Each structure stands twice: as structure tokens, then as C-alpha cells.
Amino acid sequence: MQFMLLFSRQGKLRLQKWYVPLSDKEKKKITRELVQTVLARKPKMCSFLEWRDLKIVYKRYASLYFCCATEGQDNELITLEIIHRYVELLDKYFGSVCELDIIFNFEKAYFILDEFLLGGEAQETSKKNVLKAIEQADLLQENEMGLFYALLAAVSTLN
Amino acid sequence: MPAPIRLRELIRTIRTARTQAEEREMIQKECAAIRSSFREEDNTYRCRNVAKLLYMHMLGYPAHFGQLECLKLIASQKFTDKRIGYLGAMLLLDERQDVHLLMTNCIKNDLNHSTQYVQGLALCTLGCMGSSEMCRDLAGEVEKLLKTSNSYLRKKAALCAVHVIRKVPELMEMFLPATKNLLSEKNHGVLHTSVVLLTEMCERSPDMLAHFRKLVPQLVRILKNLIMSGYSPEHDVSGISDPFLQVRILRLLRILGKNDDDSSEAMNDILAQVATNTETSKNVGNAILYETVLTIMDIKSESGLRVLAINILGRFLLNNDKNIRYVALTSLLKTVQTDHNAVQRHRSTIVDCLKDLDVSIKRRAMELSFALVNGNNIRGMMKELLYFLDSCDPEFKADCASGVFLAAEKYAPSKRWHIDTIMRVLTTAGSYVRDDSVPNLIQLITNSVEMHAYTVQRLYKALLDDISQQPLVQVASWCIGEYGDLLVSGQCEEEEPIQVTEDEVLDVLEGLLVSNLSTPVTRGYSLTAIMKLSTRFSSVNRIKKVVSIYGSSIDVELQQRAVEYNALFKKYDHMRSALLERMPIMEKTASNGPTEIVQTNGETDPSVVETKHPPPVTQSTNQATDLLDLLGGNDMVPVIQTSVPTKPASAGGELLDLLGDLSLSGGPAPTPAPSVPTSQPPFLLDGLSSQPLFNDIAAAGIPPMTAYNKNGLKIDFTFERANPNPNIAVITINASNSTEADMTDFVFQAAVPKTFQLQLLSPSSNVVPALNQGTVTQVIRVLNPQKQQLRMRIKLTYTHRASSIQDLAEVNNFPPQSWQ
């Protein structure tokens with residue numbers, strides 16, 4: 001996979017994961033053009049389109065479009081499954097995920113993606129394992145924050 | 001300083017902005033706050049600030065000032081900081097900037113961290129955006145982690161290794177030992193990523209490929225377990241066990257089995273098993289079947305298996321799910337060359353897909369349909385394809401038209417069918433046909449000798465309907481020029497002959513000349529066609545008139561042709577019939593497809609002239625050879641060779657002699673007085689008779705000017721230099737009328753001071769149409785031997801709105817270059 005984009009029906013970007021090195025300008029250009037192309041598709045059309053020299057696989061979930069750019073040998077149908085798996089992970093994590101969750105917790109959406117895919121390929125095919133890893137990492141973070149706030153409180157009482 | 005606002009709060013605030021300007025203001029304010037916070041080196045809230053910056057970056061605002069902060073976060077001890085820091089690095093840094101190299105040391109440390117989640121972060125970042133330098137530095141660490149027993153890290157290390165290999169292929173060898181027992185893992189994550197790693201290595205190196213072939217039995221076993229084992233809740237997707245892993249294994253098998261009999265044999269059974277046992281009700285199952293089919297087609301599988309694969313694709317074609325149909329068409333396109341007969345069985349389904357609403361499916365179906373056309377199904381297929389051509393989107397028309405022509409050429413059951421098919425394409429998609437189709441079609445028509453009458457009749461009728469499609473018009477005018485006599489004599493056998501008079505034909509051709517829809521190329525075709533009819537029709541005077549009018553056309557190409565044809569009438573009339581003879585059959589040496597059509601010379605017209613070869617002596621008298629070039633067709637097929645074994649008739653012999661005469665005389669004007677209407681001394685004629693005319697055009701760079709602009713009548717002058725004599729300025733006037741009524745009986749007259757001499761050629765017409773719909777052009781030649789400043793007095797007379805108008809004007813604003 002070369003990149004994955006999440007955007008709303010109005011074309012607002014909610015997540016962008018790039019697995020190929022491109023300049024900011026190029027990324028913006030690609031994003032703009034691709035979003036336009038995908039939004040112009042009618043609902044009954046198939047989920048694949050050829051764009052430049054890439055195969056674009058996209059699927060709409062509620063108000064969000066999930067769009068992946070794959071290369072020559074990649075299996076388009078399994079890419080659809082990858083998209084679906086990611087949505088399932090988000091759903092499990094946030095509990096009935098909606099676009100707002102991803103807007104307000106975008107960094108968590110990235111963390112989950114990074115536990116599922118690495119360098120554009122799936123690193124873990126078990127839903128349970130991905131979620132477990134996220135859970136553990138979150139716990140680590142919480143413990144740290146807990147310590148941090150305890151320290152803050154202690155310092156302020158001293159003052 | 002108060003604590004910086006939290007991330008969620010910022011997001012909430014920004015979302016309340018009602019306009020873009022309001023949002024920009026909020027963002028700028030927050031950025032300023034963040035910047036000052038960064039300057040203060042505030043460790044506590046750096047993480048929060050960077051997170052906010054990343055949000056604003058996603059909205060499209062610049063965030064480069066946060067790059068270094070990300071690096072500081074990565075270097076921090078806190079996991080929270082590292083998490084955001086690495087995320088920021090992946091979003092804000094890129095390998096083009098040297099800044100990213102500063103990460104290398106941090107990543108190295110983190111790869112050896114005690115907490116696996118930190119190690120994971122480092123591996124992830126390196127595997128997503130590591131540059132070649134970073135990869136070189138850290139490959140060793142990755143390789144170490146590839147051998148760890150911790151499956152969480154091992155799977156990440158494998159994909160990180162894939163990235164390293166992509167960036168620095170020479171390092172591939174280094175990972176070889178670590179791959180030894182990758183496949184004996186139980187953990188699916190590690191298995192999956194290992195297969196990806198092995199695939200990458202095999203794709204890059206034939207040696208690796210040979211080395212890993214021995215893994216085929218192991219891979220087959222793993223796949224078998226996946227299929228046969230019972231329900232495994234952890235990896236189940238709609239009843240199928242770990243489809244991701246299955247698909248990757250199938251892909252690796254494809255690479256290993258290609259061109260290798262033993263490996264292919266070892267996987268035959270499992271492929272058959274997967275193909276028959278996989279549940280196809282959901283997308284997952286079809287994804288696996290798809291990969292299986294691709295593998296079967298690529299390896300050296302037995303024929304039974306191949307038929308099974310094609311049948312699966314055939315079933316896919318009937319599936320309701322568009323995605324599946326699309327995928328099937330793509331795969332069939334790949335296999336149609338090798339398994340042509342098997343794919344033919346599904347032809348009708350494929351043709352049905354032409355009517356699908358989805359653009360991608362239509363395109364695939366069209367390509368596949370063309371691949372399936374053969375001698376047996378040509379009539380039926382062509383019907384469907386022509387119907388498709390009628391109704392498809394413009395983006396398809398060019399390709400479809402070309403495909404139709406190719407297919408028709410290869411498999412046409414009869415000449416008449418062929419011509420009908422071409423006509424159909426030209427009339428329905430005429431404007432989308434490729435430029436090179438026109439010469440190819442002309443050649444085709446020429447070579448179908450018995451169909452000439454039928455062809456010209458049909459083309460003529462098509463022209464009557466519609467003259468907007470240029471390729472159609474060009475082919476039609478060429479044919480009328482060639483076979484106009486057949487048209488008028490009503491000789492058609494194939495269908496009811498129509499009654500057409502010579503004047504009607506000339507009307508149509510002249511109509512093309514003046515129509516706004518005609519491109520310059522088309523006009524060239526029609527003028528040449530009109531000229532050719534001078535030997536086939538009896539109304540020569542009319543043709544002479546048309547030709548002489550265009551001698552002053554502003555289109556240089558038309559002008560040149562017209563003047564030369566004019567000269568053909570006047571001076572070389574005895575050559576005319578020979579020059580304008582029917583075209584012989586052309587031998588096609590440049591083919592536009594896989595087959596070459598070589599036509600033998602059937603019956604030819606009795607006195608075929610070898611006019612195609614320019615005389616070997618090419619002298620300064622290029623006029624005659626220009627004519628030959630024109631008729632030989634500078635807009636014709638690229639290579640035309642006459643394959644005429646018959647001796648040139650006597651007319652041809654005379655022709656060659658005459659050309660010999662001409663080329664010997666060379667130099668300036670031959671003695672017989674040219675009949676161009678003029679009473680001027682000879683030196684003005686130098687430019688007319690023997691030299692190529694007006695070939696030194698406005699490239700001389702003299703700017704045009706407006707000479708007169710009053711009462712809606714505007715007269716522009718454009719300048720050229722007549723080549724042989726630099727004292728002659730050639731001025732072309734363009735008269736245009738911006739009022740709402742036409743100006744009729746328009747006459748332009750000019751007078752110059754005594755030191756000059758003036759010659760006025762005939763105008764293009766004497767009606768200046770209203771509302772700038774057209775112009776009247778006329779050529780003035782001014783001789784200025786003393787190089788004095790050019791001045792002119794012009795007199796205009798015309799009738800406008802039923803009153804007669806006369807006006808005199810002085811023109812003094814000639815640009816200096818026109819008379820210096």
C-alpha cells in the first residue's frame with residue numbers, strides 16, 4: 001500500500017498515512033485530486049478505480065471515506081478486507097465509532113493503525129492481538145500521566 | 001504562564017469557527033502560543049503542544065516549526081512523549097530534510113529499550129519512513145530483532161526489514177540467516193509478515209528465489225492447516241480462517257511456482273482444494289479465490305486446473321457484486337492470450353458487461369471484447385461494439401474506434417461490410433477518430449476497387465447530413481475528388497444509385513471550403529478534391545473560378561495550392577489530366593497492427609502515371625514538383641509506392657520530358673507571358689511564375705496594423721515579404737464588419753505615390769458579413785524600389801442598409817519594417 005486517506009463527504013481530511021516519501025506539496029496535490037475523484041463517484045460504482053498508475057480501493061462507512069492506494073500485484077479484494085478490519089478495530093476501541101471519535105481522537109486512530117499496519121502491510125491478523133497491544137500501551141501512558149498529575153499535585157501543595 | 005489549552009478543547013474551539021477566516025485567526029493565535037511555549041523549552045507541555053500542532057497540520061496549516069520538537073519528544077524518557085513524538089516525526093518529517101537524520105540515534109536507543117512498546121514505536125517509524133541512510137545505520141539492529149523470540153517484536157522487525165530491503169537492496173543478504181525458521185512460527189502475525197518478507201526477497205533476487213523454493217512444501221502445509229482446521233475465533237473472518245495469511249501464501253506460491261515444474265506440481269492439489277472448498281458468499285472468500293486463480297494462471301498448472309480457474313472467473317462475471325465482476329474482467333484480460341478458447345466460452349457475459357454503468361467495468365469489458373474478436377464472431381461482436389460506440393462516454397470513443405478499425409481490417413467478412421463498418425464509425429464517432437486513421441482509411445478505400453462507387457455514394461450522403469466531423473469530411477472529400485465521376489454517373493451496384501449533378505457536388509465541396517466547421521486541413525482536402533474533379537467533370541469553368549478565388553486566401557496553405565492549381569490551368573493545361581489521374585492501388589508497407597495487408601495490383605486505370613516520384617533533378621523550379629507533392633499526398637499514407645509494373649503511358653513520358661525541360665531552364669521567369677491578370681513590368685512577376693510562392697511569410701516579423709476603422713468597417717493589413725524581391729511588400733487586407741447588417745458590393749481601391757507601384761489581386765468576395773462573421777481578403781503587392789516611406793490612399797465603396805457609402809482615407813501608419 002502506498003498511502004491511506006480518510007476523508008469526510010465534504011472532502012475534509014481526517015487521517016493521512018503515507019508509506020512512500022513525498023514532499024508536502026505533492027501530498028497536498030494528490031490528496032486534493034484524489035478526494036475530488038472519489039467524491040465524484042456515484043454510489044453504485046465499483047470500489048476500484050485506476051488513477052495515475054495506482055489502483056485505488058475505497059469504501060464509504062457512514063460519513064467517512066476510507067481510501068487506499070495499492071500497487072500492481074496487490075489483491076484489491078483483500079485490500080477491501082483490510083479496510084474493513086481497520087474499521088472493526090476502531091469500532092471495538094471506541095465503541096460504535098463515528099466520525100467525531102476520529103476527529104477528536106485522531107492520534108489514537110493513528111496509534112491503532114500503526115499497530116495493524118506497518119510499512120503498508122498488515123503486521124497482525126488477529127483483531128484481539130492488535131487491541132491488546134493498544135490497551136497495554138494506553139495503560140503505560142495512563143500510569144505515566146497518573147504519576148505526572150500526582151507529582152503536579154504534590155508540587156502545588158508544597159508551594 | 002497559564003497551562004496551554006488541552007488538545008480536545010482546541011479541536012472543539014476550532015470547529016466552532018463559522019468561516020475560513022475565523023478558523024485561520026484561531027489557528028494563528030494558537031500557533032503563536034505554541035511557538036512561545038516551544039521557545040521557553042517547556043518540557044511539561046511539549047507533548048500537548050505538538051499534538052495540537054499535528055491537528056492543525058491535518059487541517060492544512062504549516063507546522064514545520066514543530067519538527068525539532070518532535071525530536072525532543074522522541075528523546076524524552078516518557079512513553080507518552082515518545083508516542084506523540086514518533087507520530088509527529090512520521091507526519092512532519094520527511095527524508096528530504098537532513099533533520100530526519102537526527103532521529104537515527106534515538107531510534108537506535110529505542111530499538112534496544114526495555115519496554116517492548118517503545119521498541120515497537122521505533123520499529124514502526126523506521127519501517128514507515130526510514131531513509132536509506134537510516135536504514136543502513138540501523139539494519140543491524142533490525143536483523144537482531146528479527147531473531148528474537150518475542151513475537152510482538154519479531155513481526156514488526158520482519159516488515160521493517162522489508163522496508164530496509166526496498167530502500168537499500170544490497171542489504172538483503174544480511175537478513176537471509178534470520179529467515180531460517182521464520183515459517184515454523186505458530187504466531188499468525190509473525191507468519192504473515194515473514195511471508196511478506198520472503199515474497200519481497202524472492203521478487204528482488206532470482207538467487208533468493210531459487211533458494212526459497214524448498215519452502216514450498218512447508219507453505220503448502222501451512223495453507224492446508226488453515227483450510228482444514230476447525231473454527232479459530234481469533235483469526236476467523238466470516239467462517240474463513242485468516243484470509244490475509246492465505247492470500248499472502250498464495251501469492252508467494254505463485255512466485256515460487258512460476259516457470260518451475262516441480263514446485264508447480266507440489267502445489268497443484270492444494271490449489272484445487274482451495275478453489276473448490278472456499279466459501280464464496282462473502283467478499284473474503286472471493287478474495288482468496290481471486291488470488292488462487294491468479295496463481296493457477298501464472299504457474300505451470302495442469303490444464304484441468306486452468307479450466308477450473310477460468311470457470312471461477314466466469315462465475316465471478318455473473319456475480320451481483322460489481323467489485324467481483326471488475327476483478328474477473330481484469331484477470332480474464334490477463335489470460336485471454338494464453339487460454340483464448342476457454343475465455344471465448346464466456347464471451348456473451350463479457351459483452352453484456354459493456355452495458356454496465358460503471359466506467360471501470362466498461363473499459364475492461366471493451367478491451368476484453370476486442371481481444372476476443374475473431375473470424376467467426378466478427379459480425380455479432382461488431383454489432384455489439386458499434387452499439388457500444390454509439391452510447392459510450394467520449395473518453396472511450398477514440399480507443400473504441402481504433403479497436404473497431406483494427407478488428408474490421410483483420411476479420412472483415414466482405415469488402416462491403418468493411419466499408420459499412422467504417423462509415424458507421426465515421427458518422428457516429430467521427431470527431432474522436434485518431435488522425436492517422438484518415439490516411440489508413442483512404443488507402444483501404446482505394447484498394448477496394450469494386451466498392452468505389454458505393455463508397456463515394458455513401459460518403460456523399462453522409463456529407464449532406466453533417467459536415468462537422470473532420471475525419472469523415474476529409475475522407476469523404478478525398479473520395480469525391482477521386483471518384484466523383486462515378487458518383488455523378490449513378491453507377492452504384494450495391495445500392496440504389498442517387499441522382500447527383502456536378503453542380504451539386506461542387507456546391508458541397510465549396511461549402512466545406514467556406515464553412516466555419518472546417519479545419520485548415522479539411523479545406524486543403526476539399527480544394528484538392530475540387531481540382532481533381534476538373535478532369536472528371538465537365539464544369540471546368542466553375543472549378544477554375546473557385547481555384548482562382550482561393551489564390552488570395554489568407555490561409556497560406558490554401559493560397560499556395562490555389563495559385564499552383566491556377567498555374568496548372570493556365571500554363572500546364574496539357575499536363576493536367578495526367579497529373580490528376582486516378583490513384584493506383586497502394587502497397588501498404590507501414591502497418592498499424594500485427595498483420596500486414598499487402599495488396600497486389602488488381603485492375604488499374606489504363607494510363608497510370610508515375611507521378612509520385614519527383615524528378616531526380618530538383619532545381620530552383622520547384623513549382624511543378626510542388627504540384628506533384630500535393631497530389632502525391634502530403635496528407636496521405638506515410639509510404640506510398642506504386643506497384644505498377646505496366647509501362648508508363650505516353651502521357652507519362654511526355655510528362656517526364658517536360659519536367660526535364662523545366663528543370664533545365666531553371667532560374668527566373670520562363671519567357672511565355674504568364675496569364676496572371678496584370679499589366680505591370682516583368683519584375684513583379686518573378687515572384688509568381690517560377691519560384692515557390694509566398695514561402696517567406698509573416699515570419700519576417702512585420703506586425704500587422706489597422707488601416708481603417710470607421711462606421712463598423714475595420715480593415716487590417718498584414719504583411720509579408722515576397723521572397724525573390726525584397727522591394728516588394730505583400731499586404732493582405734482583412735475587411736470585417738461589426739455592424740448588424742451585411743456590407744454588400746464592397747470594393748476596395750488603393751493608390752500610392754508615384755515612386756511606388758501597386759498591384760491589386762482579386763478579393764475573396766464582395767460581401768463583408770455582419771457581426772464579424774467573416775472577412776473579405778484581398779492581396780496588394782507594392783513595389784518600393786527606392787525604399788521610401790510607404791503611404792497609401794484608400795477608397796472604399798459598399799452598400800450598407802440599402803444606402804450606398806463611399807469613403808476615402810489616408811493610411812500613414814505603416815510599420816517601418818514594411819518599407820525598409
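Letters A, B, ... are given to chains in the order of the sequence lines, protein chains preceding strands, and every chain is numbered from 1. Given the structure is predicted, the values throughout are model-derived calculations rather than measurements.
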Atom pairs and distances, side-chain donor-acceptor, residues 62-71 of chain A, under 3.5 Å, sequence neighbours left out:
{"unit_1": "A:S63", "atom_1": "OG", "unit_2": "A:E99", "atom_2": "OE1", "d": "2.6"}
{"unit_1": "A:T70", "atom_1": "OG1", "unit_2": "A:K55", "atom_2": "O", "d": "3.2"}
{"unit_1": "A:E71", "atom_1": "OE2", "unit_2": "A:Q2", "atom_2": "NE2", "d": "3.1"}

- [ ] Indicate yes or no: does B:R83 engage A:D138 in a salt bridge with an N to O separation below 4.0 Å.
- [x] yes
Task: Short side-chain to backbone donor-acceptor contact, B:N283 and A:L77, under 3.5 Å - done: yes
Task: A:E121 with B:R251: basic N within carboxylate O range, under 4.0 Å - done: no
Open item on the list: So, using side chain to side chain donor-acceptor pair (under 3.5 Å) as the criterion, who are the partners of B:D236 when residues are at least two apart?
Closed with: none
Open item on the list: Which atoms of A:K128 are under 4.5 Å from chain B, going by heavy atoms: the side chain, the backbone, both sets, or neither?
Closed with: side chain
Open item on the list: Looking at every non-hydrogen atom in both residues, tell me the closest pair between A:F106 and B:A51 and how far apart they are.
Closed with: CZ-O, 3.5 Å
- [ ] State which residue, out of A:E142, A:E144, A:Q141, fulfils the side-chain hydrogen bond (donor to acceptor under 3.5 Å, both in side chains) condition with B:T80.
- [x] A:E144
Task: chain B contact via A:K28 - which portion, at a heavy-atom distance below 4.5 Å - done: side chain
Task: Separation between CZ of B:F244 and CD of A:E81, rounded to the nearest 0.5 Å - done: 6.0 Å
- [ ] Heavy-atom pairs under 4.5 Å with chain A are the metric here; pick the option from B:K156, B:R363, B:R12 that has the most.
- [x] B:K156
Open item on the list: Please classify the contact of A:L113 with chain B as side chain, backbone, both or neither, using a heavy-atom distance under 4.5 Å.
Closed with: neither
